[in-house]
2 protein chains.
Amino acid sequence: MTPTIKDIAKAAEVSVTTVSRALNGYTDVNEETKKKILRIADELKYSPNIAARSLIVKKTKTLGLLLSGITRSSIKDNIAFEILCGMNDRSGELDYDLVLFNTTSQKQRMKSYKSLCLERGVDGVIIMGIRLDDPYLQEIVQSSIPCVLIDIPLAEKNVGSVSTDNVSGAYQATEHLIRGGHKHIGFINGHAQAYVSIKRLEGYRLALLDHDIEYREEFIADGSFSENGGYESAIMLATKHPEITALFCASDLMAIGAIQGLKNIGKTVPENVSIVGFDNIAISGYCSPTLTTIHQNKYDMGYRAAQMLVDMLEGRQVHPHLTLPAELVERQSVRILS
Amino acid sequence: MTPTIKDIAKAAEVSVTTVSRALNGYTDVNEETKKKILRIADELKYSPNIAARSLIVKKTKTLGLLLSGITRSSIKDNIAFEILCGMNDRSGELDYDLVLFNTTSQKQRMKSYKSLCLERGVDGVIIMGIRLDDPYLQEIVQSSIPCVLIDIPLAEKNVGSVSTDNVSGAYQATEHLIRGGHKHIGFINGHAQAYVSIKRLEGYRLALLDHDIEYREEFIADGSFSENGGYESAIMLATKHPEITALFCASDLMAIGAIQGLKNIGKTVPENVSIVGFDNIAISGYCSPTLTTIHQNKYDMGYRAAQMLVDMLEGRQVHPHLTLPAELVERQSVRILS
DNA sequence: TGAAGTATCCGAAACGTTTCCGGTAACGGC
DNA sequence: GCCGTTACCGGAAACGTTTCGGATACTTCA
């Protein structure tokens, strides 16, 4: 058996109360006895039982993670991973542990969001990759469990959000193309149930507007954020509208698919059509041609999300919505016309 | 307050004992009362308190993860991520949750491995990315906590391991180069404190031996598994030994660095020197030239590791060492000499 | 000398479960 | 009418902590 506080008490010839107080750094315990207790605890290799502890103070020092991106299909665009790294680093610094919730399995999917959190006894939750039409989202809003959402700004008590400035990012991407002399610019978006898609579309339209270019619905396609979606959308757009000389893609993965798609119908990037992506995933710096894209600081998103959540948990004032800057990184996939 | 078993008992006019038994599917409770209890539990939105529960049955249904690869530096080679995906999927299916241990922070680093696990009350642990000279490794061996190691086969009670067949992988890589007509083959390895490095060196030597090619110590360099390490090692090897026409790199990231390094001194891949990597990370299929490499089924490693651990936990017989096959995937980075 | 203050400690309850041990009632067989 | 069996249920202890409300003894000051 592993030693308990009781064993220490016995060995030190004091009460469990005193041991508890000594261990938790209370003042009203004699320096001598405190030293003794600490020494004995060390000798016995005592380590506290978190379950018992959290049974009475209702805190567990753990954050729950509801990440839909931790799955086989999202290995290439390891956005979830980068965000996870940031969260992991910051929560470690703040002395919180992270628990991954399994939302994939059927069994778990039945459970309500709230009971999921309650059972595990997490203090708060970070959620990402959730669709706007996901029933969980409703629950989250209603439940009083503190949480921060990645990429969905919800105005509710106890919920915060962090995201990249998507409209600025999309604006920069589109404007970059326009400045390059492009007038017919297609847009491969994600899907309608993603908040970022809505925002990126907004940025795209705004840029067109500001430069007096007509917005044309038929220049838009949804690529569902997948490589294959980008592939097919690019082919579709390029064949239906051969006047298009540039494509803005709402994700790098779709951009990479688009490059392949275009190649497949005999068009090369950037000679025939220019492309700018979004995300700045690792691959985009290595593929051919390397991808001009909008950089999202994914690591930072995770880092700041963790920070915000524990700020909320520990009663500090927080600004509930954090938007990180997006930044254009120029590489080889766009051609500057004359 | 969230409802407890006591509230249900009161509402159903039975004892807490009966409620507990009904909820846990014991047989000796009347169908009628059972139904009633279940209904009431549902109405009250009851969800059990795991802390209280695990206080008495000493199981938590959580697995601890000690992953050194979850950090900012390892974003490009997202090997840890793929493994994590596999673990996450399988543990979800088996109804276990995952908790990420923070081994990075100083505070945590002081804690012993055992107390780390004890405190969190995890049932078992999966460990990866640990160096052979890490003091934790000693502790792990000694502690009786069930664990499975990724890429380190330790023959101890309660510890299992899963890894790729590294010697076979390295053998295939080297042989592929030899079959391609290369006779002077350099090897950029990781570092001496990695088990996989030892094995990959073994495979490299074996292949040379089998094909009557002299093993030359000076053809070997350590690139510490980093892109930059590969870059510098490649330059070093190629300038010191211009007769080298092929390089086997113990990781794709180093291989990619090597390609850059070679380019920097005016050599192109594969025209001047051929390269084969190891891992088959996402980038290797997109970089230029695309990388011939040894495929590791990272997802599967995680999947099987989770499987093995819960097999151990639930008392099933397991074979403690699992080796997954490595597979050559041919792409553009090696040139077949006439 | 006595009262008030201070430093140090302790007993017991509480947290939400599970489980051991036992009890009651009904029923069938002899 | 008694006994053994079966079906169902409850009391209470236990798990390892924290915390509330004192209690004791020693010091200090008037």
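Atoms considered below: every heavy atom in the structure, side chains included; atoms not considered: hydrogens, waters and symmetry mates. These numbers were taken from a predicted model, which means no experiment stands behind them. Reminder, nothing fancy here: chain letters follow the sequence lines and each chain counts from 1.
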Please find the pair of heavy atoms, one from [X] and one from [Y], that lie closest to each other, and give the distance.
{"X": "Ser161(A)", "Y": "His321(A)", "value": "OG-ND1, 2.7 Å"}
{"X": "Leu98(B)", "Y": "Ser91(B)", "value": "CD1-OG, 3.3 Å"}
{"X": "Leu132(B)", "Y": "Tyr195(B)", "value": "CD1-N, 3.8 Å"}
{"X": "Thr62(B)", "Y": "Tyr96(B)", "value": "N-CD2, 3.9 Å"}

Nearest listed nucleotide, side chain of [X], among [options]:
{"X": "Thr17(A)", "options": "dC10(C), dT17(D), dC9(C)", "answer": "dC10(C)"}
{"X": "Ile56(B)", "options": "dG16(C), dC8(D), dG16(D)", "answer": "dG16(C)"}
{"X": "Val57(A)", "options": "dT18(D), dC10(C), dC15(D)", "answer": "dT18(D)"}
{"X": "Thr18(B)", "options": "dC9(D), dC15(C), dT17(D)", "answer": "dC9(D)"}

Separation of dC8(D) atom C1' from Lys36(B) atom NZ, nearest Å, is 15 Å

Classify [X] by what it touches in the nucleic acid, base, sugar-phosphate, or nothing, heavy-atom distance under 4.0 Å.
{"X": "Ser20(B)", "result": "base"}
{"X": "Thr33(A)", "result": "sugar-phosphate"}
{"X": "Asp28(A)", "result": "base"}

Comparing Leu55(B) with Val14(A), nearest DNA chain C nucleotide closer to 5' gives the residue Val14(A)

If each of Arg21(B) and Arg21(A) is mapped to the nucleotide of DNA chain D with the nearest heavy atom, which maps nearer the 5' terminus, i.e. the 5' end?
Arg21(B)

Taking the nucleotide of DNA chain D with the closest heavy atom to each, which residue, Val16(B) or Ile5(A), is nearer the 5' end?
Val16(B)

Would you please confirm or rule out a distance under 4.0 Å between OP1 or OP2 of [N] and any side-chain N or O of [X]?
{"X": "Ser15(A)", "N": "dC10(C)", "result": "yes"}
{"X": "Tyr26(B)", "N": "dT19(C)", "result": "yes"}
{"X": "Asn30(A)", "N": "dT8(C)", "result": "yes"}
{"X": "Asn49(A)", "N": "dC15(D)", "result": "no"}

Do NZ/NE/NH1/NH2 and the carboxylate oxygens of Glu32(A) and Lys35(A) come within less than 4.0 Å?
no

